[in-house]
Amino acid sequence: MKILANDGLVEEGIQYLHKEGFEVDTVKRDIDDLIGDIKDFDALLVRSATKVTREVIEAGTRNGGKLKVVGRGGVGTDNIDLVAARENGVIVKFAPNGNTNATAEHALGLMLGVARKVPFAHATLKAGTWHKKRFQGVELMGKTLGVIGCGRIGQALAAKGKALGMKVVGYDVYRKLDSDVEYLDTVDDVFKAADFLSLHTGGRETLIGARELKLMKNTAFLINASRGVNVDEDALYDALKSGEIAGAALDTYRKEPKREGEPFVNKLMELDNVLFSAHLGASTRNAMRRTGLEIAEVVAKYLRLGDFNQSVNAGQTVEEEGREIYTIFITHEDKPGMFGKFGMAFGEMGVNIRENNSRKLNEHVQTVYVVHQKPTPEVCERIGAIEGVKRVVY
């Protein structure tokens, strides 16, 4: 099978795929060449640069096209047409874990930088002026860190904050049982409690506007190393200028340059209580290596084993599809034709097979069928009567 890594791939990822028997092409294609060539590849790996449009997906799947999976190195999939992929039978996978620590560390760095005013002190000293009293800061120890979005990155930041002696509170729809976060009942409760408020959510909605900023302490700092759309920048400008909150540290923005070296313009630059970085959350050598290897592994597992883990446009498990499911356990001989006989029997009895997993068990095989219809004794009797079946239970 052939894999196109159109935005490049770390050497460890390439070596892994070669070891697994895949041919890897890392030659960058522009959109026209990509549309022309994609039909010959089983998988397309991208980061944020390549736009995987409907036209690309249809070129990869129609008229004998081989494209089966698109892998996104990282978390965001805004550059991939998920609807077109689903309609054309292409699974989209992502690699969220490689960036986790890098982004959490960067958020912590932003907190320390804005709290101790390090970048501002650096700029004035480099310009030739010694200021000390002007840059008196605050410590993190003893302060409350509020985390909105307590997934992988939020949990990693919580652990780091707690290690520094911070109290960590947060809000998420899904609450992790073993967590350094003390979950509060509402998002507003977190706004009111936090001395440092850090955002770690996906989605495309504004989370912090004028109302939310008014709920925060006037000594609080806002940290956004998540999505630019999370923050209403006009409202933040007003809150920072009026002293409604003490400061902010931002790594993402509503409008960002598309290419390296392009100018960056933002009205928040007028203020001296805002720290800026250029979407650097995941920009470490370590994260690049981990992410590249991770996306290589998850795509390879889909192509070789049909593994749906870390899929974006399909349920990672059957349970996520939201329909009632039941299991039937069959112990049987390991010989050709057994699955065909099971499938025919289930079909004739109106049982819809959703998934099946099978493993060698001494001289026999243990197969577990996941079905949508509740098993009955009649179904088990029918399957049990097939030659080579030793046992059927549900």
Side-chain angles (χ1 to χ4, degrees), residues 71-78 80 82 86 91-108 111 144-163 166-194 196-209 211-212 215-216 222-231 251-252 281-282 287 290-291 294-295 298 301 307-325 354-355 370:
R72 166 66 163 95
V75 180
T77 55
D78 296 348
I80 303 171
L82 301 180
R86 189 182 299 115
I91 296 301
V92 178
K93 291 196 164 204
F94 70 157
N97 300 301
N99 295 341
T100 298
N101 183 69
T103 306
E105 280 192 4
H106 193 65
L108 179 61
M111 288 167 54
T144 297
L145 168 60
V147 180
I148 305 297
C150 304
R152 289 175 296 271
I153 297 169
Q155 294 291 338
L157 177 62
K160 298 176 192 305
K162 192 170 182 180
M166 303 184 81
K167 176 182 179 180
V168 184
V169 300
Y171 178 84
D172 200 301
V173 176
Y174 304 101
R175 299 189 173 191
K176 190 173 183 290
L177 293 178
D178 182 19
S179 174
D180 290 306
V181 178
E182 176 190 332
Y183 289 97
L184 302 186
D185 292 334
T186 68
V187 182
D188 286 357
D189 290 337
V190 181
F191 294 149
K192 295 172 184 177
F196 293 85
L197 180 71
S198 193
L199 308 179
H200 298 285
T201 67
R204 300 180 181 181
E205 298 179 357
T206 299
L207 298 176
I208 305 293
R211 187 190 77 86
E212 291 74 22
L215 293 175
M216 295 173 64
L222 173 66
I223 314 297
N224 186 19
S226 182
R227 296 282 189 272
V229 73
N230 285 342
V231 178
D251 187 49
T252 59
R290 287 192 298 264
T291 299
E294 183 182 6
I295 197 59
V298 299
K301 284 182 179 179
D307 186 337
F308 284 90
N309 280 327
Q310 294 179 216
S311 297
V312 177
N313 64 336
Q316 298 186 61
T317 64
V318 176
E319 290 96 324
E320 291 181 21
E321 296 180 354
R323 290 184 61 183
E324 195 97 35
I325 55 172
R354 199 66 202 88
E355 189 172 84
V370 180

Fill in: Pair Lys176-Asp178, side-chain contact (heavy atoms from CB on, under 4.5 Å): steps then yes or no
CA-CA 6 Å; Lys176 190 173 183 290; Asp178 182 19; 4.2 Å; yes
Item to complete: Go through the steps for Gln310 and Glu294 under the test side-chain contact (heavy atoms from CB on, under 4.5 Å), then give the verdict.
Response: CA-CA 10 Å; Gln310 294 179 216; Glu294 183 182 6; 3.1 Å; yes
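- Side-chain N/O atoms of Asp189 and Thr186 include a donor and acceptor closer than 3.5 Å.
- Within the 4.5 Å cutoff, the side chain of Arg72 has no heavy atoms near those of the Val312 side chain.
- Of the possible polar contacts, one joining the Thr252 side chain to the Gly228 backbone as a donor-acceptor pair under 3.5 Å is found.
- Residue Lys301 places its NZ atom among 12 or fewer non-hydrogen atoms of other residues, nucleotides or ligands, all under 6.0 Å distant.
- Atom CG of Leu108 and atom CZ of Phe196 lie 10.0 Å apart (nearest 0.5 Å).
- To the nearest 0.5 angstrom, Glu320 atom CD is 9.0 Å from Ser311 atom OG.
- A donor-acceptor pair under 3.5 Å links the side-chain atoms of Gln155 to the main chain of Cys150, judged by distance alone.
- Here the closest non-hydrogen pair linking Ala193 and Val169 is CB-CG2, 4.4 Å.
- Using a 4.5 Å heavy-atom threshold, the side chains of His106 and Asp251 count as touching.
- A pairwise comparison of heavy atoms in Val92 and Asn313 identifies N-OD1, 2.9 Å as the closest pair.
- Proximity of a side-chain donor or acceptor of Lys162 to a complementary backbone N or O of Lys167 within less than 3.5 Å is not detected.
- A salt bridge links Arg211 with Asp188: the closest approach of a Lys/Arg side-chain nitrogen to an acidic carboxylate oxygen falls below 4.0 angstrom.
- One finds the CG atom of Asp180 at 13.0 Å from the CE atom of Met166 (value rounded to the nearest 0.5 Å).
- Note that CD of Glu182 and OG1 of Thr144 are 9.0 Å apart. Values are rounded to the nearest 0.5 Å.
- A distance of 10.5 Å separates CD in Glu105 from CG in Leu157, rounded to the nearest 0.5 Å.
- For the atom pair Ile148 CD1 and Thr201 OG1, the distance stands at 8.5 Å (nearest 0.5 Å).
- Residue Leu197 forms a side chain to side chain contact (heavy atoms under 4.5 Å, CB included) with just one option from Ile223, Ile208, Val147, and that option is Ile208.
- For the pair Thr77/Leu82, a side-chain contact is recorded, criterion being any heavy-atom separation below 4.5 Å from C-beta on.
- Pairing each heavy atom of Ala95 with each of Gly73, the nearest pair is CB-CA, 4.4 Å.
- Partners of Thr206 by side chain to side chain contact (heavy atoms under 4.5 Å, CB included), not counting sequence neighbours, listed by chain and number: Asp232, Arg254.
- Across all their heavy atoms, Tyr171 and Val187 have their closest contact at CD2-CG2, 3.3 Å.
- Partners of Phe308 under the ring pair (Phe, Tyr, Trp, His ring centres under 6.0 Å) rule, at least two apart in sequence or in another chain, are Tyr302.
- Contact of the Leu145 side chain with the Ser198 side chain is registered, since non-hydrogen atoms from C-beta on lie closer than 4.5 Å.
- Within the 4.5 Å cutoff, no side-chain heavy atoms of Val298 are placed close to those of Asn309.
- Evaluated for a side-chain hydrogen bond (donor to acceptor under 3.5 Å, both in side chains) with Asn101, the options Arg290, Arg152, Lys160 yield exactly one hit, Lys160.
- When all heavy atoms are compared, the tightest approach of Ala158 to Val181 is CB-CG2, 3.6 Å.
- Here the closest non-hydrogen pair linking Ala314 and Ile91 is CB-CD1, 3.8 Å.
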